[in-house]
Trainee: 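Attaching a single structure in structure tokens format; questions to follow.
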Amino acid sequence: MIEVHDLHKHFGGFHAVDGASLRIRKGSITGLIGPNGAGKTTLFNVIAGRLPPTSGRVTMAGEDITGLPPHALFHKGLLRTFQIAHEFSSMTVRENLMMVPAAQAGESLWNAWFARGRIRQEEAALRRKADEVLDFLTIAHVADERAGNLSGGQKKLLELGRTMMVDARIVFLDEVGAGVNRTLLNTIADAIVRLNRERGYTFCVIEHDMDFISRICDPVIVMAQGKVLAEGSAQEILRNEAVIEAYLGTGLKNKVPA
Amino acid sequence: MDLLNALVTFLNFVFIPAAAYGAQLALGALGATLVYGILRFSNFAHGETMAFGTAATILLTFGLQALGVTFGPLPTALLALPLGIAATALLVLGTDRAVYRFYRVKRAAPVIYVVASLGVMFIMSAITRFLVGVEDIQFTDGARFVINARDFRDWSGLEEGLALRSTQLITLVVAALAVAALFWFLNRTRTGKSMRAFSDNEDLALLSGINPDRVVAVTWIIVAALTTTAGVLYGLDKSFKAFTYFQLLLPIFAAAVVGGLGNPLGAIAGGFVIAFSEVMVTYAWKQVVAYAVPGDWVPAGLLQLMTTEYKFAVSFAILIIVLLFKPTGLFKGQSV
């Protein structure tokens, strides 16, 4: 689905992503883990077109998408969420969702004047869809609340909801569980798995919660210092010496005097 | 004591002129606030855009008049206005293409845009002066008055006359129409909503598939329409002089900041706040007071707080006070 070839992103002398190569299989829920500063989010930013790469190539289903702007990628079905949830704070939750599907009839000024009926139909359909999504995510009760007033966890759900408004092909989730309580985290995990099975979304998930990762992700890719360190199933990763060294930590082992 | 005469004097010399001036500032401030909200910089070339739009409209008006076309009792300039707007839209879209787009692609800091807009300002002002010169130009035609001072005196039997110039009425009506159209556009149409979304959170807007080039282009066209309309109304109400339009930049920005930068509702409120303060502080109140209090209380002085030369100081003072105590403006805008 997505292939990254020898990708570099340098900020001055700092090499945030330093020759990363990886593949995300179609239909998978790929986990991306690694210590803070490993370059995970930068990698997302480059793939999703927010930052131009210093060098390297990104392809999607064989097509070169390196450096395409975010709105162009959106139309190809590549979506992402942010580590710190973004929202249109002055609009209601429902309006936030209804904002998403681009190229609606109401976008043309001509239609805004002369095809009111078509717009109204389309808006009604969108509204139904938004309400379904809110139901699915268990936040239907805040539909008319201004999105800026939501709690952190609810904003995370809203982020996920945005990706459900269109038929996405691949969704990049950046720490979708950060700052979210256990129950809500389970809701999110269920939603991801269902979207993957029922709608065939491919996911790539950055997350620090290993339970979450091992529950839904296969394979798991580990990054450290801008490079890919290891790849494999969650079980393999948990046993991998290099990964334990770089990221998971050795736990009590070090504390036992030799 | 004669309260009716006092009221008429107040309406005639303070309220009506300030309302018309306020409407002109509000339209100008709306343009500035849209550029700030969506393109995220303070456009120093805003006053010169107004001047260019007005100059283009004046030339077209003269052209129409030479062809013998008039607009009945209304000024011919209103007929020429749509074409003037089109010319201005082409100019600002060209400027965006040649100057601002370069910085947008580079994701430059806002201050760089501001300095770039300063350069654009000088070029635009040169173009305007090249087109119509630096002289004072009167381009109002059609009926002069809706209410004539003498007719009003004869009709009401009061000592004071009330005059309502047709340009003042036109200003208020056109401004109201323009504002209504803008708010309908921003709140009801998909493109307007895209613009609000873009202003609210640019990154998220891009990820929602909103095409930034389109939003930017539509913004510039609206800005061209607002500034040209504001400039033409101001020119009809007073007269056109290139340098005056450059000076309008200050009250316009004061209005936008006072209302809350990036907030369209605030820009309108700000426009009227600035206009009324300017007129009321520089008006000599002696006549009004003379009618309103018993004869022997009337003071000898003019009761003028500041002479009209200082009117820009009023904008400055309000700007400073607002920035000190409420940096996000009366209506919540983006902080500067």
Side-chain angles (χ1 to χ4, degrees), chain A residues 44-45 48-52 67-82 84-91 95-113 116 119-120 122-123 126 146-148 155 158-159 162-163 165-166 168 171-172 174, chain B residues 33 37-38 85-86 89 101 104-108 180-222 225 260-266 328-329 331-335:
Chain A
F44 266 31
N45 280 337
R50 185 148 182 255
L51 298 172
L68 283 186
H71 68 277
L73 292 172
F74 172 89
H75 291 292
K76 291 187 184 298
L78 187 153
L79 275 67
R80 73 167 297 188
T81 68
F82 288 97
I84 296 156
H86 279 37
E87 74 286 331
F88 300 125
S89 53
S90 63
M91 298 185 184
E95 279 178 322
N96 260 268
L97 290 180
M98 288 172 63
M99 208 55 234
V100 178
Q104 301 171 354
E107 252 188 75
S108 124
L109 281 183
W110 175 264
N111 286 341
W113 283 102
R116 307 299 295 272
I119 292 172
R120 208 165 306 133
E122 210 176 65
E123 292 258 309
L126 262 181
R146 276 170 51 132
K155 283 182 187 172
L158 182 58
E159 285 255 21
R162 282 194 302 109
T163 68
M165 288 298 290
V166 283
V171 181
F172 289 83
D174 196 350
Chain B
T33 225
I38 288 159
I85 289 173
R101 204 173 82 134
R104 205 160 44 242
V105 171
K106 293 185 94 172
R107 289 178 160 263
L182 179 70
F183 276 79
W184 172 81
F185 176 79
L186 287 179
N187 290 317
R188 291 271 168 264
T189 68
R190 177 75 191 174
T191 309
K193 283 182 195 166
S194 305
M195 282 171 62
R196 279 166 56 213
F198 196 82
S199 156
D200 198 335
N201 189 329
E202 186 180 345
D203 282 329
L204 189 54
L206 296 181
L207 285 175
S208 307
I210 291 168
N211 184 343
D213 298 330
R214 205 183 126 83
V215 168
V216 168
V218 172
T219 306
W220 278 119
I221 292 170
I222 294 175
L261 265 174
N263 184 326
L265 209 59
T328 55
F331 292 74
K332 198 162 168 277
Q334 291 150 1
S335 63

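Below, read A as the first sequence line, B as the second, and so on, with proteins coming before strands; counting in each chain starts at 1.
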Trainee: Side chains of Met99(A) and Ser194(B): does their closest heavy-atom pair fall under 4.5 Å?
Mentor: yes
Trainee: Can you name the nearest heavy-atom pair linking Lys193(B) to Glu123(A), along with the distance?
Mentor: NZ-OE1, 3.8 Å
Trainee: What I want to find out is whether Arg190(B) reaches Glu95(A) closely enough, with some N-O distance under 4.0 Å, to be called a salt bridge.
Mentor: no
Trainee: Mind listing the closest non-hydrogen atom pair of Ala197(B) and Phe88(A) along with its distance?
Mentor: O-CE2, 3.3 Å
Trainee: Taking ring pair (Phe, Tyr, Trp, His ring centres under 6.0 Å) as the definition, give me every residue that meets it alongside Phe82(A), ordered by chain and number, with sequence neighbours left out.
Mentor: His86(A)
Trainee: As an exercise: rank Met165(A), Glu159(A), Arg162(A) by heavy-atom pairs under 4.5 Å with chain B and give me the winner.
Mentor: Arg162(A)
Trainee: Verify, without hydrogens or angle tests, whether Arg107(B) (side chain) and Leu51(A) (backbone) share a donor-acceptor contact under 3.5 angstrom.
Mentor: no
Trainee: Check whether any side-chain N or O of Asp200(B) sits under 3.5 Å from a backbone N or O of Ser89(A) as a donor-acceptor pair, and report yes or no.
Mentor: yes
Trainee: Roughly how far apart are Phe74(A) CZ and Leu207(B) CG, rounded to 0.5 Å?
Mentor: 9.0 Å
Trainee: Examine whether an atom of Arg50(A) lies under 4.5 Å from a heavy atom of chain B, and if so say whether it belongs to the side chain, the backbone or both; otherwise answer neither.
Mentor: both
Trainee: Is Ile210(B) close to His71(A) at the side-chain level, that is, under 4.5 Å between some pair of heavy atoms?
Mentor: no
